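Below is one structure; the comments refer to it alone.
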Amino acid sequence: MEKKFNASMDELDNVLKFIDNEIKDINDNKLLTKFNLVVEEIFVNIVSYAYEDKNANNTVTISIKDNDDKTIITFIDSGKHFNPLIKDDPDISLSADERPVGGLGIYLVKKMMDNVEYEYKDNKNILTIEKRHD
């Protein structure tokens, strides 16, 4: 299943409803909560940082492949080229005051998912997350 959304914070509820509806067969509330948290983090980052012209008709395409043992969600945007996976993980042993701002969101995504991959192809950012159903 694939759906295109406007790259707008106004679409966040629709994105989360789409995720919930498409992976509704998962009977694990903890796993659903992880997906919702991770999807929200990624979508908000795309909306906030990918597109310089916030008034343009910017979009994010989200596709879901769900089967009995794993779920794969892919985010595609045509915003500026940015690989969030190359940034070093934050030092979480430091206090919030000592830590530089940024980086916690993608760190959370990497820790909560089993696999996270990034690709830049045909002028599009493609971020794929995968989680096995344990």
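Bear in mind the structure is a predicted one, so any value in this text is a computation, not a measurement. We number each residue from 1, following the sequence as shown.
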Worksheet entry | Atom pair OG/NZ of Ser63 and Lys3 - distance to nearest 0.5 Å | 14.0 Å
Practice prompt. First locate atom CG of Leu32, then atom CD1 of Ile19, and finally report the distance between them rounded to the nearest 0.5 Å.
Written response: 10.5 Å
Worksheet, complete the sentence: Looking only at heavy atoms, the pair that brings Asp66 and Glu22 closest together is OD2-O, 3.8 Å
Fill in: Distance in Å, Tyr107 OH paired with Leu85 CG, rounded so as to fall on 0.5 Å steps
14.5 Å
Item to complete: For residues Lys131 and Leu31, determine if any side-chain heavy atom of one lies less than 4.5 Å from a side-chain heavy atom of the other.
Response: yes
Worksheet item: Can you tell me how far the OG atom of Ser8 sits from the CD1 atom of Ile46, to the nearest 0.5 Å?
Response: 13.0 Å
Worksheet entry | Check: Asn57 and Asn6 side chains under 4.5 Å, non-hydrogen atoms | yes
Worksheet item: Any chain of hydrophobic side-chain contacts (each under 4.5 Å) joining Ile76 to Phe43?
Response: no
Worksheet item: Does any non-hydrogen side-chain atom of Val38 lie less than 4.5 Å from one of Glu41?
Response: no
Worksheet item: Passes side-chain contact (heavy atoms from CB on, under 4.5 Å), Lys4 versus Val60? Steps please.
Response: CA-CA 6 Å; Lys4 189 178 283 194; Val60 179; over 6 Å; no
Item to complete: Compare every heavy atom of Tyr51 with every heavy atom of Ser78, then report the nearest pair and how far apart it is.
Response: N-OH, 3.0 Å
Worksheet item: Given the rule that I, L, V, M, F, W and Y join up when any side-chain heavy atoms are under 4.5 Å apart, are Leu37 and Ile64 in one cluster?
Response: yes
Worksheet item: How close do Pro84 and Leu127 get, heavy atom to heavy atom, and via which atoms?
Response: CG-CD1, 4.2 Å
Worksheet item: Which pairs count as ring pair (Phe, Tyr, Trp, His ring centres under 6.0 Å) when at least one residue sits in residues 1-21, sequence neighbours excluded?
Response: Phe5-Phe18
Worksheet item: According to a 4.5 Å side-chain heavy-atom criterion applied to Ile, Leu, Val, Met, Phe, Trp and Tyr, with indirect links allowed, do Ile126 and Val44 form part of one hydrophobic cluster?
Response: no
Discussion item. Please check: side-chain N/O of Asn125 versus main-chain N/O of Phe82, any donor-acceptor pairing under 3.5 Å?
Written reply: yes
Item to complete: Give the intermediate values and the outcome of side-chain contact (heavy atoms from CB on, under 4.5 Å) for residues Leu16 and Val39.
Response: CA-CA 7 Å; Leu16 295 176; Val39 166; 4.2 Å; yes
Practice prompt. Any chance you could measure Asp13, atom CG, to Met9, atom CE, to the nearest 0.5 Å?
Written response: 9.5 Å
Discussion item. Before you tell me yes or no, could you show the steps for Met113 and Phe35 under side-chain contact (heavy atoms from CB on, under 4.5 Å), namely the whole-Å CA-CA distance, both residues' side-chain angles and the distance that decides it to 0.1 Å?
Written reply: CA-CA 8 Å; Met113 296 291 108; Phe35 275 118; 4.0 Å; yes
Item to complete: Just grab all the salt bridge (charged side-chain N to carboxylate O under 4.0 Å, His left out) pairs involving residues 70-84, residues at least two apart or on different chains.
Response: Lys70-Glu130
Worksheet entry | Path from Ile106 to Ile72 over hydrophobic side-chain contacts below 4.5 Å | no
Discussion item. To the nearest 0.5 Å, what is the distance between CD on Glu117 and CG on Asn83?
Written reply: 11.0 Å
Practice prompt. Output all residues satisfying ring pair (Phe, Tyr, Trp, His ring centres under 6.0 Å) with Tyr120, sequence neighbours left out; order by chain, then residue number.
Written response: His81
Response to the item:
Paired with Thr71, the side chain to side chain donor-acceptor pair (under 3.5 Å) test is passed by just one of Arg132, His133, Lys65, namely His133
Fill in: Polar side chain donor-acceptor pair, Glu40 to Asn36, under 3.5 angstrom
no
Discussion item. Tell me whether Asp122 at atom CG has more than 12 heavy atoms from other residues, nucleotides or ligands lying less than 6.0 Å away.
Written reply: no
Worksheet item: Hey, mind stepping through Thr128 and Phe75 against side-chain contact (heavy atoms from CB on, under 4.5 Å) and telling me if it holds?
Response: CA-CA 6 Å; Thr128 303; Phe75 300 80; over 6 Å; no
Worksheet item: Going hydrophobic residue to hydrophobic residue with side-chain gaps under 4.5 angstrom, can you get from Ile73 over to Met1?
Response: yes
